[in-house]
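Just so it is clear, the model here is predicted, and its values are computed rather than measured.
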Amino acid sequence: LAHAIGQVRRESDRWLERAEELTVHDAIFGTLKPDRAMVRLEEEVLRARRFDRPLSIAMLELVPKVDAGSRADRIAAVEALIRIARAITQPPIVVAHSGGGRVLVIMPEHSIDQAQRATDSIRSQVQSEKYFPKGSARSLGKPMGDFGDLKVGLAELNGQSEPAQGLIEKAKETLH
């Protein structure tokens with residue numbers, strides 16, 4: 001009986017893991033998973049090329065200070081950055097977690113100048129925004145500036161042959 005119960009649990013865990021693999025949205029941040037965001041970016045690149053429309057992306061990265069705190073602090077800070085980016089932008093813009101402290105913002109119909117204005121608004125909002133780590137004794141939150149600094153990398157679709165991954169790489173290069 002114990003063997004059968006253990007086998008049922010293992011099988012249940014396997015199916016739960018498989019279901020998680022197939023989900024589109026990240027359970028922690030509520031955004032597209034990084035691989036799904038890449039698929040969405042590839043779709044937007046194709047659309048922009050086909051209709052000769054502008055497309056820009058922004059890579060937002062929270063660079064923590066040396067004493068930035070726990071994992072809960074990092075997650076809460078990225079959640080706050082995602083919340084700010086969503087509040088400032090409007091559909092069809094897509095905000096997705098890109099791994100670590102990075103957030104990818106896909107901006108269809110935005111030139112690089114329009115993307116710069118949007119990220120400037122995000123940057124100024126981050127200066128005054130608070131984040132709320134889980135389990136923190138400070139119920140009023142912590143200023144985002146206490147966590148770290150925001151770096152912004154921008155890239156614009158140039159030409160018909162540029163792949164989506166090339167846009168990501170250009171945005172990452174401008175972060176540094």
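For the pair H110 (side chain) and P108 (backbone), a donor-acceptor distance under 3.5 Å is present. Between the side chain of Q127 and the backbone N or O of S124, no donor-acceptor pair lies under 3.5 Å. Not one N or O on the side chain of S98 forms a donor-acceptor pair closer than 3.5 Å with the backbone of L104. The closest donor-acceptor contact from the side chain of K130 to the backbone of A80 lies at 3.5 Å or more, if one exists at all. Side-chain N or O atoms of S56 include none that pairs as donor or acceptor with a backbone N or O of M107 at under 3.5 Å. With hydrogens and angles ignored, the 3.5 Å screen pairs a side-chain donor or acceptor of K170 with a backbone N or O of E156.
Rounded to the nearest 0.5 Å, atoms CG (D73) and CZ (F132) are 12.5 Å apart. Rounded to the nearest 0.5 Å, atoms NE2 (H97) and CZ (R102) are 10.5 Å apart. For the atom pair L41 CG and L157 CG, the distance stands at 9.0 Å (nearest 0.5 Å).
At least one side-chain heavy atom of L62 sits less than 4.5 Å from a side-chain heavy atom of L150. With a 4.5 Å cut-off on side-chain heavy atoms, L167 and L55 count as touching. The side-chain heavy atoms of Q125 and I122, taken from C-beta on, include no pair separated by under 4.5 Å. Taking the side chain as every heavy atom from C-beta outward, Y131 and V78 never approach each other to under 4.5 Å. With contacts defined as side-chain heavy-atom distances shorter than 4.5 Å, the pair R47/R50 does not qualify.
The one candidate from I84, L32, I82, I88 that meets the side-chain contact (heavy atoms from CB on, under 4.5 Å) condition with V95 is I82. Among R123, Q116, R117, the single residue meeting the side-chain hydrogen bond (donor to acceptor under 3.5 Å, both in side chains) criterion with D120 is Q116.
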Original post:
M38 and Q165: side chain to side chain contact (heavy atoms under 4.5 Å, CB included), yes or no, with the steps?
Top reply: CA-CA 8 Å; M38 194 63 189; Q165 187 61 40; 3.1 Å; yes
Original post:
How far apart are the C-alpha atoms of E109 and Q114, what are their side-chain angles, what is the distance that settles it, and do they pass the side chain to side chain contact (heavy atoms under 4.5 Å, CB included) test?
Top reply: CA-CA 9 Å; E109 302 295 329; Q114 292 169 313; over 6 Å; no
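A salt bridge links E44 and R40; the closest N-O separation between the charged side-chain nitrogens and carboxylate oxygens is under 4.0 Å.
Side chain to side chain, E11 and Q7 fail the donor-acceptor criterion of an N or O pair below 3.5 Å.
Counting all heavy atoms, side chain and backbone alike, G99 lies closest to P34 at N-CG, 4.3 Å. For L60 against A85, the heavy-atom pair with the smallest separation is CD1-CB, 4.5 Å. Shown here for T31 and R86, the closest heavy-atom pair between the two residues is CG2-NH2, 3.3 Å.
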